[in-house]
Structures are given as C-alpha cells and as structure tokens.
Amino acid sequence: MSNYKTVRYSKDDGEKRGYSTFTTKLAGRTVQVFNTHLNSARGAGTRPDQVKDLIAAARPYRRTLLGGDFNAQPWEGAMGPVWAERPAYRDVDPYCGKDHHHWCNGTQEGSGKKFDHLLHQGINSRACYLRNTRNEDHRVVVSDVTAGAPSTATCRFV
C-alpha cells in the first residue's frame, strides 16, 4: 500500500464527508483503491456532486476499486455518473447496476436496500460475499478481485 491520502468532497452539507485513496498491486498491476461514505438522507442533494468528485479523482487510473457506503441504490440518479463512465464501472455483484434487477442483493439489514458498493474498473470480481456484523446495520461487501475473467454469480450471504 502506498500513496495514501484523504480528500474532502467539494459539497457535503456539513457532514464533512470525503474519500480515502491508496495504491496497491494486483497480479503485478497497479490498482488505485478509493473508500468513501457519501452523505446521508439529510444531505442527499449533495450526493451527485460527491459521486462526480469521486469519479473525477479515479478517472486518471486504468484500474480502480471504489468502495463504501454510497447511501444510494445502484439505479438511483446519484449513481448515474458511475454507470456513465467509460470504460464502465461494474459492481462486484453483477446484478447490481443502473437498471433494477431482482437478484441484486441488499446490503442494509432490515430494508434490503443496496447502499454499500464495491465497484471495479479495469479489473474483475471473481466472487462476492455479504456478511452481517454485530455493530452495524449494513452488511460488509467482500470480493476476491482478479486480473482474470469476471464472475456472473450473485453475491452470497455468509
């Protein structure tokens, strides 16, 4: 892990949100990793700008992972810039994207909403798992990433 830094979003409605990023290697290839937590419901109006900031920061890199609590389901408008980017980002759960699919597994316990994302570009996901935690209302998204072929299996609960 190298080049670690944190950056605040240009708009945050007082929640002081941002992202952390670092560089790592996968199969000898450089991958830039971003972790974020976008504004909650009270700051929902700033989420599209936060997503745009995140995508702009990731754009210079050929291989990226974007992860965290986006507080938005994949098919909601705030996530639009993720799906419009070229080359396209994909969620590690292949059934979660810009169009609603009934096989997209929710990550928020109780509501079944998909707020937590692990998105990749230039690399692939070999498997995806969702794990409950004792201290959170969100499930943790875990994936084996690979330089090889992607998986078409839905995320499994473990």
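Residues passing the salt bridge (charged side-chain N to carboxylate O under 4.0 Å, His left out) test with Lys11 are Asp49, sequence neighbours excluded. Remark: Trp75 engages His100 in a ring pair (Phe, Tyr, Trp, His ring centres under 6.0 Å) (not counting sequence neighbours). With sequence neighbours excluded, the residues forming a ring pair (Phe, Tyr, Trp, His ring centres under 6.0 Å) with Tyr19 are Tyr9, Phe34, listed by chain and number. Annotation: salt bridge (charged side-chain N to carboxylate O under 4.0 Å, His left out) contacts of Arg86 (sequence neighbours excluded): none.
Screening residues 137-148 for salt bridge (charged side-chain N to carboxylate O under 4.0 Å, His left out), with sequence neighbours left out, gives no hits.
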Sequence neighbours left out, cut at 3.5 Å: what donor-acceptor pairs do the side chains of residues 150-158 make with other protein atoms?
residue : atom : partner : partner atom : Å
Ser151  : OG   : Ala153  : N            : 3.0
Thr154  : OG1  : Trp103  : O            : 3.1
Thr154  : OG1  : Asn105  : ND2          : 3.2

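The distance from the OG1 atom of Thr46 to the NZ atom of Lys52 is 12.0 Å, given to the nearest 0.5 Å. Put simply, CZ on Arg63 and CG on Leu65 are 11.5 Å apart, with the number rounded to the nearest 0.5 Å. The line from CD of Glu15 to CG of Asn39 is 4.0 Å long, rounded to the nearest 0.5 Å. With values rounded to the nearest 0.5 angstrom, Asp99 atom CG is found 11.5 Å from Cys104 atom SG.
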Checking side-chain contact (heavy atoms from CB on, under 4.5 Å) for the pair Lys16/Arg8: CA distance, chi angles, key distance, verdict?
CA-CA 7 Å; Lys16 299 180 181 174; Arg8 297 251 184 203; 2.7 Å; yes
With side-chain contact (heavy atoms from CB on, under 4.5 Å) as the criterion, how do His120 and Val92 come out once you've worked through the C-alpha distance, each side chain's angles and the decisive distance to 0.1 Å?
CA-CA 7 Å; His120 53 90; Val92 296; 3.7 Å; yes
Audit row: Phe70, Leu54, side-chain contact (heavy atoms from CB on, under 4.5 Å) steps and yes/no:
CA-CA 11 Å; Phe70 284 63; Leu54 183 62; 3.9 Å; yes
Would Val141 and Asp93 count as a side-chain contact (heavy atoms from CB on, under 4.5 Å) here? Give the steps.
CA-CA 9 Å; Val141 180; Asp93 186 332; over 6 Å; no
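With Ser111 as the fixed residue, the side chain to side chain donor-acceptor pair (under 3.5 Å) test singles out one of Glu109, Gln108, Lys114, Lys113: Gln108.
A side-chain donor from one of Thr64 and Tyr89 sits under 3.5 Å from a side-chain acceptor of the other.
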